[in-house]
Structures are given as C-alpha cells and as structure tokens.
Amino acid sequence: MEKSEEEKIVIVGGGICGLATALALHRKGLESIVLEKSEKLRATGACIIMQPNGWRALHQLGIASKLRQTALPIQSGHYITVKDGKHTDLLVGNGGECRCLRRSDLMKTLAEELPPNTVRLGCKVVSIKVDANTSAYSILHLHDGTMLMPRVIIGCDGVNSVVASIVGLNSSRHFSTCAIRGVTHYQTLHPFGTAFYLFDKDGVRLGLLPINHNDVYWFLTRKLTSTDSMVSKDQKLIKESTVEAIKGFPNHITEMINNSDVDSLHLTDQMRYRAPWDLLRTKFCKGTVTLAGDALHAMAPFLAQGGSASLEDAVVLARCLSQNMGIALDPTGMKAARAALDQYAKERKMRVFWLSLETFVVGTMHDTSALLVELRSWIILTDQ
C-alpha cells in the first residue's frame, strides 16, 4: 500500500556528492534526506585526490581540519619517462593544497556531521514524475511503495544517473581507456616522501601519491582490452594484469604493485564522461529537479577534479537554496525553489564546462576513438 510523505529537499544518491550536499544544506539550516539504494554507504575506489578548490569546499563544510589529520600534503611532483629515465618537475595543485584522502575517511566524516536519520539506506527510486510547467510538486516513487513529494530533488546518483535522464542530459559516454587503482601499505616508511610521481611508458601511465607515511595510493591507465570486463571482477587478476602492464618499469614500482592490498584493487573498464557541449546545451534543471556531482559532469579522472568539483556543486547549491527558500508570498516554496536552481545553474554552467572540456582534451590525447565520436557529434550539432 502506498504512503505519501512531503519533504522539502530530497537527494538521490548517498555517495560523496550526496552526503556533501546534505551537509552543505545542514550548515545553512536546511533539512534534507538522502536516498541511497545500497544497504550501507559505499566508498567505491580506494582514494580521492583532493585539489585546492576541493579543500576550499571542505572548509566551507566545516570538515577540512579533521580530514587534514588523515593525509599528508603533496608538496612536489615528478614526471618520469621510463624508457630514458628523464625527469620533469610537475606543479601539483597549481601550487595550492593537494592531498590524497581515503574515500572511506571522507565518507565517514561527512556522514558523522549529518543529523540523525538524514540518510535512508536501501531506498531505490523507481520513477520520478516532474511537472515543469505548474507549481505542482514532483513525485518520487520508491521500490517499497512510498511516494515522496519534495519541493526540490537533487540527483547525486553518479555517472549512470536516473535523474539526469529526467533533466534531459544525454547519456554519458566512455573512453577506450581503463583505470586501475590500489593502495600499498609499507611496514616501514615508504620511499616517496610527500611527492607525486607519474611514470609513462608506451601509453601506460602509473601515478602514485602518499596518503600518509606508510600508505601509498597508486593508479594506472592503459588501453582497454577485450578481457578487462572479466578481469575487473577478480582482484587477483587485476593485480596480475597490472604487473604485466608495467613490465620494464623500475623495480621498486613493480614491488609496490606486488605488495598492494588485494582488497583495495579496483579496475574501471568504462571511464565515463559527459561531452562538454552537452553541458552547454542543457539547463541543468527541470522544474524543481537538478543535478550535482558525476550525475551532472562525469569527467573521468584525468585531471583528478571530479571529487573537488562535486564538493563545489554542493556548496554552491546549498547557498543558492538558502538565499531563495525564504522568499515571501510563496506558500508552496516552488517559486523560490525554481529561482534557487536557476541561480545554481547560472553559476555552475561555465565552471563545469571548462573543467569538463579540459579533462576531455587530456583524455582524448590518449583516446582517438572518443575524439572521433565527439567530432562527429560536433559536426552534426553545427549542421543543425
């Protein structure tokens, strides 16, 4: 039997962006609920590289100082071409604060700062009905028959977002490149200090960043193969394929991979992105439904900006809502919600466009197939 509940703000998706958005709203005195389809909060992927803009957002959320205790500052960068051993210095974080956080630490910290019962686990959204032309509430249907009627729906449900299709964004696409990530623990101090290293050989790139004095996060990108979907399901196979890919790399790098924590290994065989031009053509919202995080601007990890940009979304969206939700002579709050989302879209559009474009350019330097797909799309668009 269906039951109806009215809520002011509902966030779909309990990942980093969903929790950060709920916390940003809470800091502004606005209540929200987070619907997460899993039975527990999940932190997919071992770590997240937090850039200076991400730290500014974490400061706004009130959790930066706590998270700094769990991760070392990255103070230098080095690019090494394996074949000739040539070293080039890299500027890390554009000279600002950059650290490598465990995703589980970030998720836990965000969740601990939220009011009790903010997150509802095991809540799967079945359908969304949006009325974009009147002041009627949008309606969320959940798998258990519950029907929610919120003033605002925020889709933070990732690269395969259900909410994005409601708003009108085209489906995300994928590069023909895969990414492998893992963590290695050293019983004694690891040899990398506080530096970021990037090794390059024949299209295989391996980067590493210290988390603390004993743990190192590493990632590898290479051309996608026909067996990667099978390999991604077996962490032992992931390690074996990584060791195979780095033949000829320095011995201490091979040793780092061999000694990595098997449970930390994750292979992404479809690195998804949204075409930058799709973001220009989309309003970011429909009625009182909008998007944030990867649901809005999935951009693959080439610039390590996905997480930081998502935190920016959360802070800006909460500010826009708090500035508008108190509009007088608006008993339902719908006019205020629309004004807030329009302001959010205006502030974020060019920011996420340029980040997505820069990421896309870097990604397609190693992925000709994705570039050809987007060139065809661009030709079709300009001919219309």
Side-chain angles (χ1 to χ4, degrees), residues 9-36 38 40-75 92-94 96-121 154 156-158 183 194 209-213 215 217 292-297 301 304-323 344 347-348 351-352 355:
I9 304 173
V10 171
I11 299 165
V12 181
I16 288 172
C17 186
L19 297 181
T21 301
L23 181 55
L25 290 166
H26 174 59
R27 298 298 193 214
K28 294 294 186 180
L30 297 175
E31 295 181 3
S32 66
I33 62 168
V34 178
L35 306 181
E36 169 55 43
S38 301
K40 62 179 181 178
L41 292 177
R42 299 179 301 168
T44 303
C47 294
I48 182 169
I49 300 169
M50 196 58 63
Q51 304 272 23
N53 55 315
W55 283 105
R56 289 191 290 272
L58 290 172
H59 177 74
Q60 292 290 316
L61 294 172
I63 58 174
S65 59
K66 186 173 183 180
L67 287 168
R68 286 189 180 102
Q69 298 174 24
T70 70
L72 292 171
I74 306 301
Q75 298 178 323
V92 178
N94 290 321
E97 182 175 11
C98 180
R99 299 174 193 250
C100 183
L101 296 174
R102 290 186 185 272
R103 285 180 177 265
S104 56
D105 288 343
L106 178 54
M107 292 279 286
K108 180 182 177 183
T109 303
L110 288 167
E112 287 177 346
E113 294 291 319
L114 290 172
N117 303 317
T118 298
V119 181
R120 299 185 185 180
L121 299 172
I154 305 170
C156 299
D157 49 340
V183 172
T194 57
L209 300 95
I211 303 169
N212 51 44
H213 293 296
D215 298 305
Y217 167 64
D294 285 346
L296 174 62
H297 48 65
Q305 268 292 351
S308 294
S310 296
L311 294 174
E312 283 185 4
D313 292 342
V315 171
V316 173
L317 183 49
R319 173 168 47 77
C320 292
L321 285 167
S322 69
Q323 289 174 348
Y344 165 69
E347 289 194 30
R348 294 303 290 163
R351 170 63 170 165
V352 299
L355 282 175

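All values reported here derive from a predicted model rather than from experimental measurement.
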Pairing residues for Glu112 by the side-chain hydrogen bond (donor to acceptor under 3.5 Å, both in side chains) criterion, not counting sequence neighbours: Lys66
Counterpart residues, side-chain hydrogen bond (donor to acceptor under 3.5 Å, both in side chains), relative to Thr194 (two or more places apart): Gln75
Show the nearest heavy-atom pair for residues [X] and [Y], with the distance to one decimal.
| X | Y | result |
| --- | --- | --- |
| Ser310 | His297 | OG-CE1, 3.8 Å |
| Leu30 | Ala318 | CD1-O, 4.5 Å |
| Gly54 | Leu311 | O-CD1, 3.9 Å |
| Val34 | Gly18 | CG2-O, 4.0 Å |
| Ser32 | Ile11 | OG-CD1, 3.8 Å |
| Cys100 | Leu209 | CB-CB, 4.1 Å |

Could you give the distance from [atom1] ([X]) to [atom2] ([Y]), rounded to the nearest 0.5 Å?
| X | Y | atom1 | atom2 | value |
| --- | --- | --- | --- | --- |
| Leu35 | Cys156 | CG | SG | 11.0 Å |
| Glu36 | Leu41 | CD | CG | 6.5 Å |
| Leu72 | Cys98 | CG | SG | 11.5 Å |
| Tyr344 | Leu317 | OH | CG | 5.5 Å |
| Glu97 | Ile74 | CD | CD1 | 10.5 Å |
| Thr109 | Leu101 | OG1 | CG | 8.5 Å |

Measuring only between side-chain heavy atoms, which start at C-beta, is [X] closer than 4.5 Å to [Y]?
| X | Y | result |
| --- | --- | --- |
| Asp294 | Cys17 | no |
| Asn53 | Arg351 | yes |
| Met50 | Leu67 | no |
| Ser38 | Leu121 | no |
| Ile16 | Arg103 | yes |

Residues Glu113, Arg27; criterion side chain to side chain contact (heavy atoms under 4.5 Å, CB included); working and verdict: CA-CA 10 Å; Glu113 294 291 319; Arg27 298 298 193 214; 2.9 Å; yes
Only distances under 3.5 Å count here; give the side-chain donor-acceptor pairs of residues 56-65 to other protein atoms, sequence neighbours excluded, each with its distance to 0.1 Å.
none

Ser308 side-chain N/O to Gln51 backbone N/O, donor-acceptor pair under 3.5 Å: yes
Qualifying residues under side-chain contact (heavy atoms from CB on, under 4.5 Å), relative to Leu114, sequence neighbours excluded: Leu19, Ala22, Leu23, Thr118, Val119
Pairs satisfying salt bridge (Lys or Arg N to Asp or Glu O under 4.0 Å), at least one member in residues 313-322, at least two apart: Asp313-Arg348, Arg319-Glu347
Counterpart residues, salt bridge (charged side-chain N to carboxylate O under 4.0 Å, His left out), relative to Asp105 (two or more places apart): none
